[in-house]
Student: 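Sharing a structure below in structure tokens format, with a few things to ask.
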Amino acid sequence: MTIQHYLQFTDLSADEYAYLFQRTALIKRKFKAYEKHQTLVDRTLAMIFEKASTRTRVSFEAGMYQLGGSVVHLTTGDSQLGRAEPIEDTARVISRMVDLVMIRTFGQEKIERFAAHSRVPVINGLTNEFHPCQVLADIFTFIEHRGSIQGKVVAWVGDGNNMANSWLQAAELLGFKVHVSTPGGYEVDQSIAGIRSASSYEVFAHPLDACRGADLVTTDVWTSMGYEAENEVRRAAFADWRVDATMMSVAKPDALFMHCLPAHRGEEVTAEVIDGPQSVVWDEAENRMHVQKALMEYLLLGRLD
């Protein structure tokens, strides 16, 4: 059997995503009804964190336990990925002892090297380049609230970061459009996302124009983890990219607001928006756990009836 990894959004097909969203709905429904759903009994997930995390750790750990499995949690001090020994050797050893590995690290290259030498599926819990699990959760949340995302418009306001890259990949694969607006010098690098066609996204100099007619407005912190030294420079550069009531007012009347969290009210989004009626950030955060349960189950067991 071929090992299937999930290192970026393009690692699965549109058909596989359709199955995952359907499966997630079932898993979430059972969770809410306190019905057991233990498809991964006796399976072990290793979680390797080189970047600190709240939501990623809780969602994967609670999710794996709910599926009947167990979890090994490793931090930088425990694992020293690529320092105490080559990444390739770490991968060879860990993947002989567990059934699944989730890694949250800095460069995508690290996770690619680990996966190339792993005997079990590897999941990207976040890298500098991509955050596929979060976009998976975001799209499921949109479907839950508004139905199919195909043909819809997502406005990305802020940094051309890992989230933006994953949104661009998702748009090209699933048939929707992303309106991107970033400050100068913080643009999305199309080559990282590997976008083949420009028809799935459009770049806007002004964030208000990006939000016009959008079905979903989404953003992220101005300074991602690992870029803290640039904080003051970024605060100045991003001042006009704060999602506020004016931006939401030019989006569609039923537009949703999302943020992958943690959020800084008054910086990338106003309190009025994130705590307002169009915000679905808490559903979005919870859904990380449910989509990841469906993903882990799929990578290990394939499609289930």
Side-chain angles (χ1 to χ4, degrees), residues 1-31 35-49 53 55-74 79 81 87-88 90-105 108 110-127 130-137 139-140 166 169-170 173 286-305:
M1 184 180 141
T2 310
I3 299 164
Q4 191 163 10
H5 302 298
Y6 192 61
L7 309 183
Q8 49 185 296
F9 203 87
T10 49
D11 283 345
L12 297 180
S13 67
D15 183 55
E16 286 173 304
Y17 281 115
Y19 167 78
L20 277 185
F21 294 136
Q22 192 181 7
R23 192 71 183 169
T24 300
L26 168 77
I27 288 170
K28 184 173 181 179
R29 206 160 49 240
K30 290 175 80 172
F31 173 79
E35 288 178 37
K36 273 188 179 180
H37 182 85
Q38 298 195 329
T39 50
L40 297 184
V41 173
D42 290 335
R43 301 296 182 103
T44 303
L45 165 71
M47 303 192 301
I48 301 172
F49 289 97
S53 164
R55 276 152 294 276
T56 297
R57 176 174 178 180
V58 175
S59 59
F60 270 107
E61 192 161 339
M64 192 59 175
Y65 284 132
Q66 287 163 23
L67 290 172
S70 54
V71 179
V72 176
H73 176 249
L74 300 167
S79 64
L81 199 58
I87 290 170
E88 293 79 3
T90 304
R92 288 181 180 109
V93 172
I94 290 177
S95 67
R96 281 171 176 257
M97 300 176 180
V98 301
D99 302 280
L100 194 59
V101 178
M102 185 283 298
I103 302 176
R104 185 178 169 98
T105 187
Q108 181 77 9
K110 270 192 174 183
I111 203 169
E112 302 273 359
R113 283 168 60 198
F114 190 103
H117 295 84
S118 173
R119 290 160 57 131
V120 301
V122 176
I123 297 172
N124 181 351
L126 175 143
T127 60
F130 300 110
H131 199 356
C133 289
Q134 183 63 56
V135 172
L136 187 64
I139 293 171
F140 176 75
S166 292
Q169 290 189 338
L173 194 62
E286 178 191 337
N287 285 338
R288 275 287 297 279
M289 181 175 76
H290 302 303
V291 296
Q292 287 165 186
K293 283 195 281 186
L295 176 66
M296 291 190 289
E297 182 188 80
Y298 179 67
L299 293 178
L300 287 175
L301 305 177
R303 294 187 189 223
L304 302 174
D305 296 329

Student: Just grab all the salt bridge (charged side-chain N to carboxylate O under 4.0 Å, His left out) pairs involving residues 57-68, residues at least two apart or on different chains.
Tutor: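 For residues 57-68, and leaving out neighbouring residues, the salt bridge (charged side-chain N to carboxylate O under 4.0 Å, His left out) pairs sorted by first residue read Arg57-Glu61.
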
Student: Among all residues two or more places apart in sequence or in another chain, which pass the salt bridge (Lys or Arg N to Asp or Glu O under 4.0 Å) test with Glu88?
Tutor: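 Glu88 satisfies salt bridge (Lys or Arg N to Asp or Glu O under 4.0 Å) with Arg113 only.
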
Student: Report yes if some heavy atom in the side chain of Ile94 is under 4.5 Å from a heavy atom in the side chain of Val101; otherwise report no.
Tutor: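 Touching, per the 4.5 Å side-chain cut-off.
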
Student: Side chains of His5 and Ile123, heavy atoms from C-beta outward: is any pair under 4.5 Å?
Tutor: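 The answer is no; the side chains never approach within 4.5 Å.
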
Student: For Phe21, give me all partners under ring-ring contact (aromatic ring centres under 6.0 Å, His included), at least two apart in sequence or on another chain.
Tutor: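 Checked Phe21 against ring-ring contact (aromatic ring centres under 6.0 Å, His included); zero matches.
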
Student: Taking only residues two or more places apart in sequence or in another chain, which ones pass salt bridge (Lys or Arg N to Asp or Glu O under 4.0 Å) with Asp42?
Tutor: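 Here no residue qualifies.
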
Student: Hey, are the side chains of Gln134 and Leu126 touching, using non-hydrogen atoms and a 4.5 Å cut-off?
Tutor: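 Result no, sub-4.5 Å side-chain heavy-atom pair not found.
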
Student: Under 4.5 Å between any side-chain heavy atoms of Tyr6 and Leu299, yes or no?
Tutor: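 A side-chain contact under 4.5 Å exists here.
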
Student: State, with a plain yes or no, whether a side-chain heavy atom of Leu300 is found less than 4.5 Å away from one of Leu100.
Tutor: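 Leu300 vs Leu100: side chains touch.
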
Student: Got a sec, which residues hit side chain to side chain contact (heavy atoms under 4.5 Å, CB included) with Ala18, two or more places apart in sequence or on another chain?
Tutor: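 Side chain to side chain contact (heavy atoms under 4.5 Å, CB included) check on Ala18 returns nothing, list empty.
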
Student: With salt bridge (charged side-chain N to carboxylate O under 4.0 Å, His left out) as the rule and sequence neighbours excluded, what pairs involving residues 95-105 come up?
Tutor: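 Listed once each, the pairs would be none.
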
Student: Residues two or more places apart in sequence or in another chain: which of them pass salt bridge (Lys or Arg N to Asp or Glu O under 4.0 Å) with Arg92?
Tutor: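 By the salt bridge (Lys or Arg N to Asp or Glu O under 4.0 Å) rule, Arg92 matches Asp89.
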
Student: Partners of Tyr65 by ring-ring contact (aromatic ring centres under 6.0 Å, His included), sequence neighbours excluded?
Tutor: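 Counting only residues at least two positions away or on another chain, Tyr65 forms no ring-ring contact (aromatic ring centres under 6.0 Å, His included).
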
Student: Suppose we screen for side chain to side chain contact (heavy atoms under 4.5 Å, CB included). Which residues come up paired with Gln22, at least two apart in sequence or across chains?
Tutor: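 Partners of Gln22 by the side chain to side chain contact (heavy atoms under 4.5 Å, CB included) criterion come out as none, since no residue qualifies.
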
Student: Side chain to side chain contact (heavy atoms under 4.5 Å, CB included) with His37: which residues, sequence neighbours excluded?
Tutor: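 Only Arg23, Ile27, Lys30, Thr39, Leu67, Glu297 meet the side chain to side chain contact (heavy atoms under 4.5 Å, CB included) criterion with His37.
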
Student: Which residues pass the side chain to side chain contact (heavy atoms under 4.5 Å, CB included) test with Ala170, sequence neighbours left out?
Tutor: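 Only Phe9, Val135, Ile139, Phe176 meet the side chain to side chain contact (heavy atoms under 4.5 Å, CB included) criterion with Ala170.
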
Student: Tell me every residue that passes ring-ring contact (aromatic ring centres under 6.0 Å, His included) with His290, counting only those two or more places apart in sequence or in another chain.
Tutor: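 Per chain and number, His290 pairs via ring-ring contact (aromatic ring centres under 6.0 Å, His included) with Phe31.
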
